[in-house]
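Chain letters run A, B, ... following the sequence lines, proteins first and then strands; every chain starts at 1.
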Protein chains: 2
Amino acid sequence: MAATLADVAARAGVSSATVSRVLNGNYPVAEATRRRVTEALRELNYVVNGPARALAAATSEVLGVLVNDVSDPFFGVLASGIQREAAEADLLTMICHTAGSADDELRYMELLLRQRARAIVVTGGGPEDGGHRRRTADLVRQSVARGTRVVFCGREAPPDSEAASVVFDNHGGAAALTRLLLAAGHRRIAYLTGPPHHTTSSARVAGARQALTEAGIDPDSCLWIRSGFSRAAGLEAGRELVRAAVDCTAVVAGNDLTASGVIASLRACGVRVPEDVSVAGFDDLPVAVDVVPELTTVRLPLRSGAVTAGRIATGTERTAPGVVVRMPAELRSRESVAAPGGGLSGAVGLPRER
Amino acid sequence: MAATLADVAARAGVSSATVSRVLNGNYPVAEATRRRVTEALRELNYVVNGPARALAAATSEVLGVLVNDVSDPFFGVLASGIQREAAEADLLTMICHTAGSADDELRYMELLLRQRARAIVVTGGGPEDGGHRRRTADLVRQSVARGTRVVFCGREAPPDSEAASVVFDNHGGAAALTRLLLAAGHRRIAYLTGPPHHTTSSARVAGARQALTEAGIDPDSCLWIRSGFSRAAGLEAGRELVRAAVDCTAVVAGNDLTASGVIASLRACGVRVPEDVSVAGFDDLPVAVDVVPELTTVRLPLRSGAVTAGRIATGTERTAPGVVVRMPAELRSRESVAAPGGGLSGAVGLPRER
DNA sequence: CGAGGCTCAGTAAGCGCTTTCTACGAACCG
DNA sequence: CGGTTCGTAGAAAGCGCTTACTGAGCCTCG
């Protein structure tokens with residue numbers, strides 16, 4: 001049933017090589033022949049056999065993108081930016097959902113490597129685990145050796161690897177955001193950190209701590225609460241903050257999604273934002289301006305970072321191996337941060353602790 | 001650099017057939033031999049060549065999932081359900097983002113077909129366009145002929161095709177939702193339909209119209225507004241409704257995302273939900289209970305639908321070709337719908353029209 | 001008018017794997 | 001002790017494609 005090149009060739013009365021040439025257009029073929037072949041191609045409903053082509057040509061037309069969470073808009077922006085570049089280079093993008101699991105990340109990298117993907121883009125932050133880094137570095141090495149380009153977008157490639165990286169200035173952004181809060185007069189700040197042992201979380205925490213220290217404030221006098229990067233995590237955290245009547249005038253969420261959750265649950269508990277408590281986000285996702293009040297946040301140039309990563313991955317942009325492209329972060333001051341108000345405990349009418 | 005089976009065989013002092021057998025474990029191999037081979041495999045850092053294997057075995061280990069929008073939680077739920085089943089069957093899931101484009105949908109189907117994917121799951125609704133249906137039907141036929149199973153999840157497979165379908169009762173759900181609103185006393189309802197010429201939108205509209213007609217109300221006395229399925233579309237629509245001071249006491253959004261947008265923009269304009277205007281959603285996504293007030297919506301069993309689709313796709317569950325599995329919809333009555341209030345125009349202090 | 005150049009197309013050698021067929025011992029049995 | 005069976009592994013034939021390499025015509029030009 002499935003027609004092969006040979007079938008088409010027979011029907012068109014030519015050799016299979018000619019059919020291949022018509023298909024790929026990389027060698028001259030006389031117009032008349034081309035027409036006959038094209039005809040036969042259509043008549044037989046020919047569909048090229050990808051594996052066979054990939055085997056013979058030692059390359060394929062797929063670009064793999066690894067994302068932590070397909071339903072997180074952060075990755076949506078990244079993935080669609082990369083996809084656009086891939087399409088430009090006639091590659092088709094396949095997105096693999098790792099669910100934030102380090103093992104799945106490796107599994108998919110290996111799968112893509114096995115499939116001889118043209119390139120692999122690993123997006124988002126990753127585990128800070130040494131074993132994982134080492135295994136990742138191994139895979140990167142093998143991939144590069146087999147001609148699969150690897151690009152990291154959102155974290156640095158393992159040291160000494162040939163893979164390029166596009167990284168966002170999480171550290172600087174977090175520091176700037178903290179300085180903004182300090183300038184507004186906040187001193188008691190609750191930080192919802194992202195998932196622990198995660199490069200992105202750590203960089204943001206480190207940036208914030210540095211800004212605090214530089215302002216002469218002991219970072220440990222602030223609250224550091226482990227949370228996730230989802231809206232649900234923010235809702236949960238918001239409820240917890242209120243329940244514990246935490247003594248703070250500002251909450252810095254791990255990202256905008258979390259911030260929107262925090263705001264929703266604070267308001268549901270009667271806490272006004274920003275009158276009672278200021279809330280800040282991170283990333284400047286579309287949701288940041290959908291929320292009421294609009295979020296003060298840190299804008300990461302995700303789209304252009306994705307495009308850069310995509311261009312490196314497709315080879316449109318040639319770079320030195322192991323290059324690290326740094327993308328700046330930029331403060332977006334909007335409505336959700338104001339001068340310190342009564343704080344959480346004040347707002348809900350509980351005795352302020354400490 | 002890239003070690004092949006033959007390299008491994010040479011190193012282990014066996015034939016490549018033996019190495020293949022060790023790799024696949026489908027033929028008996030003496031323990032001692034196996035050990036030597038395994039050793040060589042590791043020493044040479046062997047990575048199987050997917051295309052070569054796929055070519056020889058005429059099948060691959062990938063399951064493709066087509067989604068309209070990777071960053072829409074509706075598809076997130078679907079994709080992760082399918083992925084779980086795929087993982088169970090030792091297949092790896094690749095998600096392709098079609099951006100709702102009919103052309104991309106076909107392109108990706110063809111890509112997956114070319115790659116000899118084990119199965120393809122097409123999720124979500126699709127264009128009602130005849131040409132597209134026909135081309136889809138063609139591809140399905142070819143896929144099946146080549147041993148790639150095709151499953152539709154969220155819309156029916158083209159007529160007479162071998163592909164299975166898992167469909168959600170959009171029609172019945174929309175009817176039930178409308179009846180709920182009618183029972184609450186609403187008569188002037190604004191419907192934000194999803195994207196036009198889209199199977200899901202149409203089914204929901206048809207269900208609502210039927211319920212209206214059955215209640216003796218002329219469907220055309222209600223407002224039918226084209227919108228999208230995103231939160232942004234809801235925000236936009238909400239603003240429009242207020243701006244035009246539309247005379248209605250209830251808004252039925254295309255889905256929960258849109259509903260959350262509508263609520264946000266209505267409230268931003270000083271309209272109370274549900275006191276002034278009731279708002280209903282569709283799908284019962286996690287966001288439905290995150291929103292304030294919690295959304296009255298229609299629950300679609302997305303997760304179990306996805307699992308079913310996944311099981312059919314992987315072959316875990318054997319079904320007759322062309323089977324259509326229907327999943328029921330279920331009303332979820334929560335806070336966002338109440339008895340009719342002053343309506344939109346009343347709330348914003350504009351003269352009520354008509 | 002024959003040599004050299006061009007254009008176009010066929011031949012055939014793989015790409016790296018799976019799998020059938022075959023072969024070789026060793027063990028078993030009557 | 002010859003013949004059968006069983007367990008194990010090699011030889012080799014593809015899978016469907018790409019791509020040198022080769023060569024047949026035909027044109028051009030000295």
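With rounding to the nearest 0.5 angstrom, the CZ atom of B/R11 is 8.5 Å from the CD atom of B/E39. Separating the OG1 atom in A/T199 from the CG atom in A/D129 is a distance of 12.0 Å, to the nearest 0.5 Å. One finds the CG atom of B/L106 at 11.5 Å from the CG atom of B/L113 (value rounded to the nearest 0.5 Å).
The side chain of B/Y27 contributes no N or O atom lying less than 4.0 Å from OP1 or OP2 of D/dG7. Phosphate contact (OP1/OP2 of D/dT18, side-chain N/O of A/S20, threshold under 4.0 Å): present. Using a 4.0 Å cut-off, no side-chain N or O of B/N26 falls inside it from OP1 or OP2 of C/dT18. Phosphate proximity of D/dT8 to B/T18: absent, as no side-chain N or O sits under 4.0 Å from OP1 or OP2. Put simply, A/N24 has a side-chain N or O that comes within less than 4.0 Å of OP1 or OP2 on D/dT18.
Rounded to a whole Å, the CZ atom of B/R53 is 17 Å from the C1' atom of D/dG14. Rounded to whole Å, atom C1' of D/dG16 lies 15 Å from atom CG of B/L113. Rounded to whole Å, the distance from CZ on B/R36 to C1' on D/dT8 is 12 Å. The CG-P distance, from A/L55 to D/dC15, rounds to 14 Å in whole Å. As rounded to whole Å, 16 Å separates atom P of D/dG7 from atom CD of B/E31. Atoms CZ (A/R116) and C1' (D/dT18) sit 17 Å apart, rounded to a whole Å. When rounded to the nearest whole Å, the span between CG of A/L44 and P of D/dG16 equals 14 Å. B/N49 has its CG atom 12 Å from the P atom of C/dC15, to the nearest Å.
Heavy-atom minimum distance, A/I312 versus A/R149: O-CD, 3.2 Å.
Of the candidates D/dA9, C/dC17, D/dT18, the closest approach to any side-chain atom of B/V29 belongs to D/dA9. In the set D/dC17, D/dC15, D/dA9, the nucleotide with an atom closest to the side chain of B/A56 is D/dC15. Comparing C/dT18, C/dG16, D/dG10 by their nearest atom to the side chain of B/V14 picks out D/dG10.
Note on the helix from C/dC1-D/dG30 to C/dG30-D/dC1: angle between the axes of the first and last five pairs equals 50°, rounded to 10 degrees.
The residue among B/A52 and B/S15 whose nearest nucleotide of DNA chain D lies closer to the 5′ end is B/S15. When each of A/L5 and B/G13 is assigned the nucleotide of DNA chain D with its nearest heavy atom, B/G13 is the one assigned upstream, toward the 5' end.
There is a side-chain donor-acceptor pair under 3.5 Å between B/D69 and B/S71.
Using a 4.0 Å heavy-atom criterion, one finds that A/A17 contacts the bases of the nucleic acid, with or without backbone contacts as well.
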**Audit row: B/E105, B/R155, salt bridge (Lys or Arg N to Asp or Glu O under 4.0 Å) steps and yes/no** = CA-CA 14 Å; B/E105 188 170 298; B/R155 96 180 82 150; 2.9 Å; yes
**Item:** Step-by-step salt bridge (Lys or Arg N to Asp or Glu O under 4.0 Å) determination, B/R326 to B/E156
**Value:** CA-CA 10 Å; B/R326 299 185 185 280; B/E156 281 197 35; 3.1 Å; yes
**Message:** Please evaluate residues B/R107 and A/E61 with respect to the criterion salt bridge (Lys or Arg N to Asp or Glu O under 4.0 Å), reporting the C-alpha separation (whole Å), side-chain torsions for both, the decisive distance (0.1 Å), and the verdict.
**Reply:** CA-CA 13 Å; B/R107 270 166 41 105; A/E61 53 181 327; over 6 Å; no
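Counting heavy-atom neighbours within 6.0 Å of B/R84 CZ, excluding the residue itself, gives a total of 12 or less. Counting non-hydrogen atoms of other residues, nucleotides and ligands closer than 6.0 Å to CZ of A/R36 gives a total above 12.
Taking only distance into account, the side chain of B/R21 meets the base of D/dG10 through a donor-acceptor pair shorter than 3.5 Å.
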Check nucleotides 22-25 of chain C against the protein and report each pair of N or O atoms closer than 3.5 Å, with its distance, or say if there are none.
none

